[in-house]
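Structure first, then comments.
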Amino acid sequence: MLRLVWLFIHLLAKIWYFVLTTIHTLNSYLISSGLLNKYTALDLTKLQHLAIVIESQEAYDIVRVIKLLCWLSDIGVKHICLYDMDGVLKKSKKIILEEMGSRLWHLEGDKMDLCLDPNQMTLEFISISDGKEGIAKAASFLCKRYLDVSASEEQDKTTFTEENMGKALEAVGLGGPQPNLLLVYGPVRCHLGFPAWRMRYTEIVHMGPLKSMKHGAIIKAIHKFAMVHQNYGT
Amino acid sequence: MEAMCSTLRNCVNKEKLCTLTRKCIFRILSVGPIPNHIAFIMDGNRRYARNYNMNEGEGHRSGFLALMSMLQYCYELGVKYVTIYAFSIDNFKRKPQEVEKVMDLMQEKIEGLLKEESFVKSYGVRVYFIGNLQLLREPVRLAAEKAMAATCKNDKAVLLICLAYTSTDEIVHAVQEACNERRAENEYLNSKEVDNDSSRVIGEKKNDMECAIQLADVEKHMYMAVAPDPDIVVRTSGETRLSNFLLWQTTYCYLYSPSALWPEISFRHLVWGVLNYQRAQPYLEKKKKQC
């Protein structure tokens with residue numbers, strides 16, 4: 001009996017999300033078509049870095065990933081960090097870069113310039129090994145320096161700071177900017193192990209599965225992000 | 001007098017009815033997986049005070065009442081671990097009077113935890129304070145330490161209060177501890193080698209090799225290592241960032257951000273959060289197992 005009620009409640013939740021998704025889809029089409037005025041001029045000044053987390057199984061769909069990147073390039077996003085847990089995107093880096101170039105070759109002149117200029121968009125590929133494992137690597141680097149210093153100078157104790165840690169991460173090749181906005185493409189609103197060091201005040205927005213990605217939804221997320229006020233704890 | 005009595009009786013009946021309904025809903029929810037650990041970012045106290053023309057202190061007091069109900073609901077539901085982000089290191093940058101007021105409130109409430117009628121006693125809650133407690137002023141730190149010591153034998157539920165905490169500070173602290181540990185180990189080994197009359201060169205070579213720190217070495221020194229990773233992080237006010245909270249521990253965690261301000265958070269928000277968690281749980285479990 002209890003189980004039946006539980007199943008019924010989950011069915012209601014499912015229907016609710018179905019209705020919500022339908023509304024969002026319609027809204028996305030309206031935004032893409034340019035019918036909603038408030039979304040026509042996007043303010044990208046706050047969005048210096050964008051991160052995209054993709055569920056690894058969905059990341060095999062390179063065609064969609066490239067389409068997504070081209071959308072973002074058209075919107076005018078300059079720096080993108082692509083993340084998936086298993087490193088599927090890292091492995092497909094070459095194909096993505098090549099494909100993006102060739103795809104753009106077939107586009108009309110004005111758009112072609114957008115992506116072919118290396119200053120227009122930078123791409124970074126990371127996976128779960130760049131997160132916690134990266135911190136362990138930076139810790140080893142710091143520890144070595146710490147032991148060297150304490151051996152030579154008879155220093156009693158060095159106190160590490162966040163700045164030391166940031167520099168150590170850079171020294172082991174795992175530094176990088178803090179994305180302002182992180183879009184999650186996957187079934188659940190979860191960052192799936194995106195490097196902790198780079199996520200302090202990042203806005204995390206769940207975009208649903210990659211296979212149902214919508215251009216309008218990205219515009220909406222970026223527009224909403226531009227409106228957010230952050231006071232960084234103060 | 002009679003009118004008063006009947007009002008009182010009505011209130012009691014209403015409360016009983018609420019408790020009963022709550023228990024029924026929890027029984028139904030318990031058919032599915034129940035989160036073992038829920039973490040809360042209690043955002044929106046100041047906005048709440050502004051919306052209702054209260055002073056900021058009143059906003060925090062309303063927030064405390066909301067916290068008490070939320071803890072009660074969580075423990076009734078069977079959630080063993082609850083973590084709250086009470087004060088971040090970045091919050092020290094606020095106006096000094098505001099910081100002082102929040103600290104006063106904190107001290108008052110921490111001391112209140114140990115009173116007979118407190119929920120800590122009734123639910124058998126063990127309290128941990130998580131963060132760089134050295135940054136707190138002495139009376140608050142002492143109250144926190146006393147509360148931890150006084151509840152260390154409770155084992156029915158656990159409340160983790162993040163005070164003077166940020167996730168990046170926690171990471172740096174863990175790395176520091178791991179290095180200190182490595183240094184102590186190396187010194188011990190070196191002294192042993194000197195005792196054994198071994199050559200110094202071998203000792204130095206070893207020293208180089210033994211600088212390597214494994215992930216597990218860092219993880220065991222995290223402040224949050226006393227609890228399993230959270231299953232849900234709730235951030236109120238509809239904000240979607242983690243604000244330097246449990247960044248390390250939320251790899252497989254469902255992030256829930258209801259639009260209510262923290263003092264407005266209620267039973268229905270918790271139920272909706274748990275329902276959403278139950279929808280997400282099979283996927284998150286699968287991901288955990290894959291790693």
Side-chain angles (χ1 to χ4, degrees), chain A residues 2-3 5-7 9-10 13-14 17 55-56 85-86 128 131-133 135-148 150-151 157-162 164-165 168 184 186-197 199-206 224 228 230 232-234, chain B residues 27-32 88-95 166-169 171-176 178-180 182-183 186 204 207-208 210-219 239-244 247-248 250-257 272 275-276 278-280 283-284 287 290-291:
Chain A
L2 274 180
R3 189 163 176 80
V5 181
W6 182 78
L7 285 171
I9 292 173
H10 272 274
K14 216 172 213 171
Y17 276 109
E55 149 57 34
S56 290
M85 255 186 152
D86 305 346
I128 196 154
K132 292 183 180 178
E133 289 291 347
I135 293 284
K137 267 187 206 163
S140 301
F141 175 85
L142 268 181
C143 189
K144 173 152 179 20
R145 258 193 7 197
Y146 166 68
L147 291 179
D148 286 349
S150 54
K157 215 176 183 186
T158 321
T159 311
F160 297 159
T161 60
E162 292 192 16
N164 295 145
M165 194 68 210
V184 180
V188 173
R189 189 164 181 267
C190 169
H191 62 71
L192 294 172
F194 189 85
W197 198 260
M199 231 191 345
R200 270 165 258 195
Y201 285 97
T202 302
E203 299 289 342
I204 304 168
V205 180
H206 183 217
K224 198 177 166 200
V228 169
Q230 291 200 3
Y232 303 101
T234 59
Chain B
R27 280 282 299 277
I28 297 166
L29 277 182
S30 303
V31 172
S88 128
I89 292 177
D90 294 335
N91 291 152
F92 282 113
K93 292 180 210 147
R94 290 181 180 178
K95 285 178 274 174
T166 58
S167 205
T168 40
D169 180 71
I171 294 171
V172 173
H173 164 82
V175 168
Q176 173 99 56
C179 278
N180 290 348
R182 194 46 42 94
R183 183 188 177 184
N186 282 359
E204 271 168 16
N207 201 4
D208 246 23
E210 282 161 6
C211 289
I213 288 182
Q214 303 303 317
L215 179 55
D217 299 327
V218 179
E219 288 211 299
E239 301 294 352
T240 54
R241 54 192 175 271
L242 285 169
S243 294
N244 218 338
L247 304 175
W248 185 275
T250 45
T251 302
Y252 306 101
C253 176
Y254 164 60
L255 309 173
Y256 170 50
S257 51
W272 188 238
L275 271 177
N276 280 319
Q278 291 183 336
R279 286 166 58 84
Y283 169 75
L284 296 173
K287 283 266 133 193
Q290 272 173 11
C291 248

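Throughout, a chain's letter reflects where its sequence line sits, starting with A, and its residues are numbered from 1. Source: prediction; values computed, not measured.
Considering CG of B:Asp169 and CZ of A:Phe160, their distance stands at 13.5 Å, rounded to 0.5 Å. Annotation: the span from B:Asp90 atom CG to A:Arg200 atom CZ amounts to 9.0 Å, rounded to 0.5 Å. The line from CG of B:Leu284 to CG of A:Leu192 is 7.5 Å long, rounded to the nearest 0.5 Å. Between atom OG1 of residue B:Thr250 and atom CZ of residue A:Phe194 there is a gap of 12.0 Å, rounded to the nearest 0.5 Å. Note: B:Leu215 CG to A:Glu133 CD = 5.0 Å, rounded to the nearest 0.5 Å. To the nearest 0.5 angstrom, B:Leu29 atom CG is 6.5 Å from A:Ile9 atom CD1.
When heavy atoms are compared at a cutoff of 4.5 Å, B:Ser30 does not approach chain A at all. Of the atoms belonging to B:Phe92, not a single heavy atom falls under 4.5 Å from chain A. Looking at B:Tyr283, only its side chain comes within 4.5 Å of chain A, counting heavy atoms on both sides. In this structure, chain A has a heavy atom under 4.5 Å from the side chain of B:Lys287, while its backbone stays farther away. Looking at B:Ala178, there are no atoms closer than 4.5 Å to chain A (heavy atoms on both sides), in backbone or side chain. Neither the backbone nor the side chain of B:Ser167 comes within contact range of chain A; no heavy atoms are under 4.5 Å apart. Proximity to chain B (any heavy atom under 4.5 Å) is restricted, for A:Tyr17, to the side chain, taken from C-beta onward.
In this structure B:Glu219 satisfies the side-chain hydrogen bond (donor to acceptor under 3.5 Å, both in side chains) test together with B:Trp248, sequence neighbours excluded. Legend: residues meeting ring-ring contact (aromatic ring centres under 6.0 Å, His included) with B:Tyr252, ordered by chain and number and at least two apart, are absent.
Considering only heavy atoms from C-beta on, B:Thr251 comes within 4.5 Å of A:Lys132 through its side chain. You'll find the side chain of B:Val175 stays beyond 4.5 Å of the side chain of A:Tyr146, heavy atoms only. For the pair A:Trp197 and B:Val172, the minimum side-chain heavy-atom distance is below 4.5 Å. Residues A:Val228 and B:Glu239 are in side-chain contact: their nearest non-hydrogen atoms beyond the backbone lie under 4.5 Å apart.
The candidate with the highest count of non-hydrogen atom pairs below 4.5 Å against chain B, out of A:Lys137, A:His191, A:Met199, A:Met165, is A:His191. By number of non-hydrogen pairs under 4.5 angstrom with chain A, the leading residue of B:Thr166, B:Ile171, B:Ile89 is B:Ile171. Between chain B and the options A:Ser56, A:Ala136, A:Gly131, A:Pro195, heavy-atom pairs under 4.5 Å are most frequent for A:Ala136. Heavy-atom pairs under 4.5 Å with chain A were tallied for B:Ala216, B:Ser88, B:Ala280; the largest tally goes to B:Ala280. For chain B, the option among A:Val205, A:Thr161, A:Leu142 with the highest count of heavy-atom pairs below 4.5 Å is A:Thr161.
Partner A:Ser140 forms a side-chain contact (heavy atoms from CB on, under 4.5 Å) with one of B:Val218, B:Asp217, B:Ile213 and no other, that one being B:Ile213.
Side-chain N or O atoms of A:Arg189 include one that pairs as donor or acceptor with a backbone N or O of B:Leu255 at under 3.5 Å.
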